[in-house]
2 protein chains.
Amino acid sequence: MIGDAITDGTTEETETCCTPLEDVDSDAMATDLQVLTAMGNDTRYELLRRISNADDGVCVCDLEAAVGVSQSAVSQALSRLYTAGLVTRRKEGSWRYYEPTETTAALLETLDDLRGSHE
Amino acid sequence: MIGDAITDGTTEETETCCTPLEDVDSDAMATDLQVLTAMGNDTRYELLRRISNADDGVCVCDLEAAVGVSQSAVSQALSRLYTAGLVTRRKEGSWRYYEPTETTAALLETLDDLRGSHE
DNA sequence: CTCTTGTATAAGCTACTGCTAATATGATAG
DNA sequence: CTATCATATTAGCAGTAGCTTATACAAGAG
């Protein structure tokens, strides 16, 4: 209802205080938000950091001990990171090894750089 | 109870399936999480994108119309972005103009690059 | 001063997030 | 086969996030 053309006798226009804005690409937004919300949680962030610090993949059992939540919580967190494209996983015997993706590497590096640049 | 040293006659050791992990810097973690959780929300992400698309600052009134939530919600969102160091704000008359910080620019650019690199 | 416009803050409510405990699946050993 | 270990899934609950409405504050116009 708001935003319809003004058809009555007034001379006033719908005046905005500055300029209208471009729209935001909603596909990009959905993708980015999935990544950001996946990283934006203590447990998952710490898991990502630990996975990234290791050289050749980390198995769930080690992560579990490190982050201080239940095995179930770690598994759920890792699934979410996987769905968001932040880690890959491979099976080896009965263990599962997780490794960071390029997305994770790039974002953590950007975050590191940003912290480094404030003197 | 689990994790106590094995003091009975068995020769087995507390065997972990792979290697212990480095710790995560907790200051870095706190800073990064503030940024990630601030960006990781539909409203705030869209606000950031719109603020970044504009050239010389955006005032609250325009943003309000664009993102489809109440004026109050926009104000709260912008406050949080400001606290997280993702936008600057300046007053001009009775309007307040918001502009992206370097952090915002760098992260959005990284996200754009990452989306671009999957063919 | 009052009135209006732009923005911020407060209070309250709903919905979702992330955990735990319990259970299921899957692989290996015996 | 059964037993055990590593991981995943389900169910349910507590805490918090993010919205709306209402109200307060700040600045300019008259």
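The chains referred to below are lettered A, B, ... by the order of the sequence lines, with proteins before strands, and numbering in each begins at 1.
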Visitor: Does a salt bridge link B/Arg44 with B/Glu46, judged by any charged N lying under 4.0 Å from a carboxylate O?
Guide: no

Visitor: Atom CG of B/Asp62 and atom P of C/dG6: how far apart are they, to the nearest Å?
Guide: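 The distance from CG of B/Asp62 to P of C/dG6 comes to 10 Å, rounded to the nearest Å.
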
Visitor: Looking only at the side chain of B/Tyr98 (C-beta and beyond, no hydrogens), which of the listed nucleotides C/dT7, C/dA8, D/dA8 gets closest?
Guide: C/dA8

Visitor: Please list, chain by chain and in numerical order, all residues satisfying side-chain contact (heavy atoms from CB on, under 4.5 Å) with A/Thr88, sequence neighbours excluded.
Guide: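 Applying side-chain contact (heavy atoms from CB on, under 4.5 Å) to A/Thr88 gives A/Glu99, A/Thr101.
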
Visitor: D/dA8, OP1 or OP2 - any side-chain N/O from A/Arg89 closer than 4.0 Å?
Guide: yes

Visitor: For B/Asp25, is there an ion pair with A/Arg115 - N to carboxylate O distance below 4.0 angstrom?
Guide: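 A salt bridge is absent here (no side-chain N lies under 4.0 Å from a carboxylate O).
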
Visitor: For the residue pair B/Arg89 and B/Tyr82, would you count it as a cation-pi contact if the rule is NZ or CZ under 6.0 angstrom from the ring centre and within 45 degrees of the ring axis?
Guide: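 Judged by the rule (NZ or CZ under 6.0 Å from the ring centre, within 45° of its axis), B/Arg89 counts as positioned above B/Tyr82.
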
Visitor: Kindly write out the residues that satisfy side-chain hydrogen bond (donor to acceptor under 3.5 Å, both in side chains) with B/Ser72, not counting sequence neighbours, or none if the list is empty.
Guide: B/Gln76

Visitor: Hey, what are the protein-to-nucleotides 18-28 of chain D N/O distances that come in under 3.5 Å?
Guide:
| from | atom 1 | to | atom 2 | distance (Å) |
| --- | --- | --- | --- | --- |
| D/dG18 | OP1 | B/Asn41 | ND2 | 3.2 |
| D/dG18 | OP1 | B/Arg44 | NH2 | 3.1 |
| D/dG18 | OP2 | B/Arg44 | NH1 | 3.0 |
| D/dG18 | OP2 | B/Arg44 | NH2 | 3.4 |
| D/dG18 | OP2 | B/Arg80 | NH1 | 2.8 |
| D/dC19 | OP1 | B/Thr43 | OG1 | 2.5 |
| D/dT20 | OP2 | B/Ser70 | N | 2.8 |
| D/dT20 | OP2 | B/Ser70 | OG | 2.9 |
| D/dT20 | O4 | B/Gln76 | NE2 | 3.0 |
| D/dT21 | O4 | B/Ser72 | OG | 2.8 |

Visitor: Could you measure the distance from the CG atom of A/Leu36 to the CG atom of B/Asn41? Nearest 0.5 Å is fine.
Guide: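 Rounded to the nearest 0.5 Å, the CG-CG separation comes out at 10.5 Å.
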
Visitor: May I have the distance from A/Trp95 (atom CH2) to C/dG26 (atom C1'), rounded to whole angstrom?
Guide: 14 Å

Visitor: Side-chain N or O of A/Arg96 versus OP1/OP2 of D/dA8: is the shortest distance under 4.0 Å?
Guide: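 A/Arg96 to D/dA8 OP1/OP2: side-chain N or O found under 4.0 Å.
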
